[in-house]
Amino acid sequence: MAVDTQHAERIAGLDALELGGERRAGLAARLWARLWPMLTAVVLVLVAWQLVVMSGRWPEYVFAGPVETFQAMWERFGEADFYRAVATTMRRAFTGFALAVLVGLVIGAAVSRVKVLRAAFGALITGLQTMPSIAWFPFAILLFGLTESAITFVVILGAAPSIANGLITGVDYTPPLLLRAGHVLGFRRLSLYRHVILPASLPSFLAGLKQGWAFAWRSLMAGELMVIIAYQSSLGEQLAYAREVSDSPGLIGTMIVILSIGIVIDLLFEAADGMLRRRWGLDQR
Amino acid sequence: MSTTQLGAGPGTDAAVRLESVSKTYGHGRNALLALDQVSLDVRPGEFVCILGASGCGKSTLLSLVAGLDRPSTGQISTYDHKVAMMFQDPALFPWLTVAANVELAFRADGVAKAERRARAAEFLELVHLGGFGRKRPHELSGGMRQRVALARALAQSSSSSEGSAVLLMDEPFGALDAMTRDLLHDELERIWRERSLSVLFVTHNVREAVRLGDRVVLLSSRPGRVAEEFPVELERPRRTDSAEVATLAAKITDRLKEEVARHGR
Ligand SMILES: Nc1ncnc2c1ncn2[C@@H]1O[C@H](COP(=O)(O)OP(=O)(O)O)[C@@H](O)[C@H]1O
Ligand SMILES: [Mg+2]
């Protein structure tokens, strides 16, 4: 018995030595490390913007400066119409993206499982990703008229291929060793899918989602500029309207809002990706 | 029936039997004969070490026994024994905690969740990792991960009755430092005796083979054939650095060198 305890102690000792101490910077420090490069970039852009405006290449009513723009934005933030526009756009974005995820999952699962489908559609899906989504609009308008369905249709076509591709890539690159381990543990076909292949493809699927979102957002903006639905205010519609009435501060302000929403959602995806990588130990950051 | 030994196949005294097993990879001019007419028995409760140079077909042999691949010709029987396997890499699933990785061993058998959890904890305890169940594999050191893999393999072999599980190990401690390896040898030996496992242990380390095996089977290279078998009749527990182990290891090493030299000619 004594020998056994001694043995256990020795093992525990080695473990402790090998694990060492774990250190992680505090939340504030990490936040600051992420934030200051962004703030620097914003300041640089503002300075450059002001310099271009001051150069006098364009009159101020065509190209408003930062001060005017932010004043106009501040006023807009007080109007209910602005929030209605954002709400409409976000609703379209989320429904379109959700449907794209559904379509992408079904197509990705089918193509990654069935050899014949793979041969037939694998290249097509990749090809579809290179198709500029705005090129779909004439067709979509022909099919659905100037309706929200036309926009949703193009958002799905824009995002689904990336999402499907993410899943397919993930399935394809499941480490063979894990497949063998799963096989030895007694998993076959569907259970192998459920316990090994699908979880293993999660990082790649997440990357597909992130890319899909970027495409969805772009398609949506193109759609809102092309398909303007009466009495329905949206970010794209406000952009078009601001140009028509030569409201330069309003136009640039709306662009900043669109950019900011895109960045915030991208950050969310990045946070999810970072969390996954930390939990899985995929990077040594 | 009364003559059938515990855990052996009907009418045999083997837990694993390979009969003239050959394996060819590829076709035509690219065909590679990895294993040639290998015949081998592992008796129930026996610890057999397969020794051979790199590329001689050791992993191929284990894959065939594990059912990961099929032999080109010949027969392999495991007599309905539970076959668990441990790879050179831990092959843990990074999306699961250490405990969940071990629990997975019971999953295919449909063991209920509460019982899965309890038994997984028991096996982590067995490899002295009781306190690490909630960690992720990447938070552990290489040696600890390999112990988790050992716990998972043992868990898998536990669902059959005593003395009838087969444990396949493909250079499981090859990537570890000498001290950790020594400790794991002791662990493995202890667990093997407690649970009367039948073990097929692959290594290219002669001393490791002598340290652990009841029998050392030397494979020749290209194609892999059984070159010679060495019974190891040293008393257990053995030490890798003991004189007896060294003497037998030297003898086997000489024979291994002969085999390798054949290829230089
Ligand atoms: N899937 C495979 N396809 C083709 N050749 C293989 C494959 N697996 C192994 N081999 C070849 O078979 C031989 C034996 O390999 P392996 O069993 O891995 O040897 P060992 O484990 O003893 O190092 C090697 O020459 C290797 O290149
Ligand atoms: Mg090998």
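So that the names make sense, note that chain A is the first sequence line, chain B the second, and so on, each numbered from 1. The figures that follow rest on heavy atoms only: side chains count, while hydrogens, waters and symmetry mates do not.
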Out of Arg107(B), Arg152(B), Met85(B), return the one with the most heavy atom pairs under 4.5 angstrom to chain A. Arg107(B)
Hey, which of Leu202(A), Val196(A), Leu276(A) has the most heavy atom pairs under 4.5 Å with chain B? Val196(A)
Main-chain N/O of Val127(B) paired with Arg147(B) side-chain donor or acceptor, under 3.5 Å: yes
If one checks every heavy atom of Leu92(B) against chain A at 4.5 Å, the contacting part turns out to be backbone
Report the option among Ala181(A), Gly186(A), Pro175(A) that has the most heavy-atom pairs separated by less than 4.5 Å from atoms of chain B. Ala181(A)
Quick check on salt bridge (Lys or Arg N to Asp or Glu O under 4.0 Å): which of Arg239(B), Arg236(B), Arg211(B) does Asp186(B) satisfy it with? Arg211(B)
Report the option among Arg136(B), Met86(B), Met179(B) that has the most heavy-atom pairs separated by less than 4.5 Å from atoms of chain A. Arg136(B)
Give, as side chain, backbone, both or neither, the part of Thr97(B) having an atom under 4.5 angstrom from any heavy atom of chain A. neither
On the 0 to 90° scale, with breaks at 30° and 60°, tag the Phe173(B)-Phe201(B) ring pair as parallel, tilted or perpendicular. tilted
Is there a side-chain contact between Ser201(A) and Leu167(A) in this structure, where contact means two heavy atoms from C-beta onward sitting under 4.5 Å apart? yes
Side chain to side chain donor-acceptor pair (under 3.5 Å), that's the test. Do Asp69(B) and Ser63(B) meet it? Break it down for me. CA-CA 6 Å; Asp69(B) 208 347; Ser63(B) 298; over 6 Å; no
Side chain, backbone, both or neither: which part of Asp177(B) has a non-hydrogen atom closer than 4.5 Å to chain A? side chain
Given the ring of Phe87(B), does Arg180(A) sit roughly above its face, with NZ or CZ under 6.0 Å from the centre of the six-membered ring and within 45° of the axis? no
Which portion of Ala149(B) sits near chain A, non-hydrogen atoms under 4.5 angstrom: neither
